[in-house]
There are 2 protein chains.
Amino acid sequence: MPKKKEDRRVKFTKMFLKESLIDLLEEKSIFKITIKEICENADINRATFYAHYSDQYHLLESIEEEYIEKILNTIDQDALHADSTLNLVTDIVTFIYDNKKMSRILLSDRGDLQFQKRIMALVHDNILSKMKDIEPNSLEKTALISSFVISGCVGVIQNWFDNDLKSSPEEVAKIISDLASVTLNMVH
Amino acid sequence: MPKKKEDRRVKFTKMFLKESLIDLLEEKSIFKITIKEICENADINRATFYAHYSDQYHLLESIEEEYIEKILNTIDQDALHADSTLNLVTDIVTFIYDNKKMSRILLSDRGDLQFQKRIMALVHDNILSKMKDIEPNSLEKTALISSFVISGCVGVIQNWFDNDLKSSPEEVAKIISDLASVTLNMVH
DNA sequence: ATAAATATTATACACAATGTTTATTAAGGA
DNA sequence: TCCTTAATAAACATTGTGTATAATATTTAT
């Protein structure tokens with residue numbers, strides 16, 4: 001982790017660029033956003049942008065990584081309390097809720113599906129590791145079912161946002177937890 | 001349907017452009033593909049492109065529409081035989097299998113998630129319409145569960161492709177059908 | 001088969017974003 | 001403070017965009 005020795009100027013530059021991109025992402029998808037636009041909005045010279053990032057996508061990636069990092073912290077803290085699946089899911093969904101702005105941008109229909117699956121896979125793996133009674137014969141089937149659950153969760157969260165977070169995080173967590181439980185039990 | 005009265009030249013031009021884009025989509029995502037590239041690959045003048053499409057995305061849309069149309073035909077033909085859910089799902093999955101090339105392009109991780117959900121929603125609606133014993137009270141919950149199923153199916157298909165279609169269409173259809181059944185029963 | 005209609009082409013154009021380079025200025029770290 | 005490093009303004013060639021024009025080729029309808 002080469003993090004500590006970063007010049008204050010660099011830190012600020014990166015911060016401004018990220019904030020600028022997040023700003024723009026609230027209006028349109030990453031593919032319609034130009035580097036020039038990001039820089040003008042951040043009041044950062046375009047040459048400076050290229051000193052740190054290769055393109056918009058690279059900058060977005062760094063935003064995604066920060067988000068993932070926070071999710072991982074939530075999971076890790078949960079691991080200490082060693083609670084039920086529902087508690088873990090509730091904490092994740094609550095995190096998503098508490099970080100509405102970023103979550104809406106990163107988890108929307110227009111967002112990066114691969115990234116979204118990655119997040120849900122983190123939770124999924126955690127759940128799977130707890131149910132150790134899995135037969136190793138039907139590997140293909142298990143993989144397909146896992147994909148169903150992982151993508152299913154993406155869909156639930158997106159629908160939740162589409163409906164302007166009408167349900168509470170607890171309700172959503174309960175549904176996700178139940179759905180995951182019912183489907184993963186099909187592995188047997 | 002304004003289809004019959006299209007000049008032969010127009011038909012060929014559109015065909016070449018579509019084939020060219022499909023060609024390019026096998027290598028990279030739509031966002032990295034330029035109009036110039038599509039035209040050179042198709043040996044069609046760039047001005048001609050603009051006579052028919054506004055941009056790459058518009059052209060891709062027309063390809064997606066053709067694909068949807070074929071899926072709809074499959075569903076309609078199934079409606080005549082009025083069979084089980086499994087049969088419908090099997091026919092759809094078999095369609096996807098028989099049209100590997102296009103399916104891989106349109107349904108991949110990098111593809112248009114909104115389009116993918118649209119396809120799965122077509123099947124989902126068909127299934128839901130058959131199970132009429134749904135209580136209209138828990139609407140929120142039903143919507144979330146439906147999202148789970150719809151996105152879940154997207155995930156299963158993508159995983160299937162990622163594993164190079166190892167399982168047979170019948171196996172995949174069986175799993176999808178079972179998963180949909182188990183989860184949708186949770187509505188009660 | 002011919003004429004009228006229409007699609008495609010080659011070419012040119014102004015415009016915008018890209019990615020890189022340069023010299024200069026500003027700010028940070030030791 | 002002094003040395004190092006980052007950010008800036010400015011310029012540049014390159015590439016893709018979207019549009020327009022006149023010339024050419026093909027199709028459709030008569």
Side-chain angles (χ1 to χ4, degrees), chain A residues 1-66 105 110-112, chain B residues 1-66 105 110-112:
Chain A
M1 305 206 177
K3 285 231 164 164
K4 273 285 160 282
K5 294 209 169 184
E6 194 162 64
D7 196 305
R8 291 180 68 221
R9 289 168 292 181
V10 176
K11 269 183 60 179
F12 277 109
T13 295
K14 287 185 173 177
M15 201 187 74
F16 290 141
L17 287 175
K18 282 174 190 168
E19 278 175 0
S20 168
L21 178 54
I22 290 165
D23 224 44
L24 294 169
L25 280 170
E26 287 186 303
E27 291 166 24
K28 47 187 165 179
S29 102
I30 185 71
F31 310 106
K32 305 263 179 184
I33 297 173
T34 66
I35 295 173
K36 193 181 177 230
E37 212 173 356
I38 297 170
C39 293
E40 277 173 359
N41 190 40
D43 201 25
I44 296 286
N45 194 280
R46 205 156 51 83
T48 308
F49 179 99
Y50 287 112
H52 301 295
Y53 304 101
S54 53
D55 51 30
Q56 312 97 300
Y57 311 104
H58 186 199
L59 175 57
L60 175 57
E61 249 176 65
S62 79
I63 293 172
E64 288 177 345
E65 289 313 314
E66 273 182 22
I105 288 170
R110 294 177 189 166
D112 175 359
Chain B
M1 302 202 177
K3 285 231 165 163
K4 274 285 159 280
K5 293 211 170 185
E6 195 162 64
D7 195 303
R8 292 181 69 225
R9 288 167 292 182
V10 176
K11 269 183 61 178
F12 278 109
T13 296
K14 288 185 173 177
M15 200 187 75
F16 290 141
L17 287 175
K18 282 174 190 168
E19 278 175 1
S20 169
L21 178 55
I22 290 166
D23 223 44
L24 295 167
L25 281 170
E26 288 187 303
E27 292 166 24
K28 47 187 167 182
S29 103
I30 185 71
F31 309 106
K32 305 262 178 185
I33 296 173
T34 66
I35 295 173
K36 192 179 178 234
E37 211 175 355
I38 297 170
C39 294
E40 278 173 356
N41 190 40
D43 202 24
I44 295 285
N45 194 280
R46 203 158 52 85
T48 308
F49 179 99
Y50 288 110
H52 301 295
Y53 305 101
S54 53
D55 51 30
Q56 311 96 301
Y57 311 104
H58 186 198
L59 175 57
L60 175 56
E61 247 176 65
S62 79
I63 293 172
E64 289 177 345
E65 289 313 315
E66 274 183 20
I105 288 171
R110 294 177 189 166
D112 175 359

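All chains are named by letter (A, B, ...) in the order of the sequence lines, taking the proteins before the strands, and each is independently numbered beginning at 1. Computed from heavy atoms alone, side chains included, the values below leave out hydrogens, waters and symmetry copies.
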Reading DNA chain D from 5' onward, which residue's closest nucleotide shows up sooner: B/Y50 or A/I44? A/I44
Please compare B/E37 and A/V10 by the position of their nearest nucleotide in DNA chain D and report the one closer to 5'. A/V10
Could you write out each protein N or O paired with an N or O of nucleotides 27-30 of chain D at a distance under 3.5 Å?
residue : atom : partner : partner atom : Å
D/dT27  : OP1  : B/R8    : NH1          : 2.9

Which atoms form the tightest heavy-atom contact between A/L25 and A/I30, and what is the distance? CD2-N, 3.7 Å
Closest non-hydrogen atom pair between A/I33 and A/Q56, with its separation: O-NE2, 2.7 Å
Please indicate whether B/Y57 has more than 12 foreign heavy atoms, meaning atoms of other residues, nucleotides or ligands, lying under 6.0 Å from its OH. yes
Is it the case that more than 12 heavy atoms not belonging to A/F31 sit under 6.0 Å from its CZ atom? yes
Between [N] ([atom2]) and [X] ([atom1]): distance, integer Å:
| X | N | atom1 | atom2 | value |
| --- | --- | --- | --- | --- |
| B/F31 | D/dG16 | CZ | P | 19 Å |
| B/F16 | D/dT26 | CZ | P | 13 Å |
| B/D55 | C/dA16 | CG | C1' | 16 Å |
| B/I38 | D/dT17 | CD1 | C1' | 13 Å |
| B/E40 | D/dT15 | CD | C1' | 11 Å |
| A/K32 | C/dA16 | NZ | P | 18 Å |
| A/I35 | C/dA16 | CD1 | P | 17 Å |
| B/H58 | D/dG18 | NE2 | C1' | 16 Å |

So does B/N45 get a side-chain nitrogen or oxygen closer than 4.0 Å to the phosphate oxygens (OP1/OP2) of C/dA10? yes
Measuring to OP1 and OP2 of C/dT8, would you say a side-chain N or O of B/H52 lies under 4.0 angstrom away? yes
Has A/S20 got a side-chain atom pairing as donor or acceptor with A/F16's backbone, closer than 3.5 angstrom? no
Under the ring pair (Phe, Tyr, Trp, His ring centres under 6.0 Å) test, residues paired with B/H52 that sit two or more places apart: none
Under-4.0 Å salt bridge between B/K14 and B/E66: no
When we call it a touch if two heavy atoms are under 4.0 Å apart, what does A/T48 touch: a base, just sugar-phosphate, or nothing? base
With nearest nucleotide decided by heavy atoms, which residue, B/T13 or B/R46, maps closer to the 5′ end of DNA chain C? B/T13
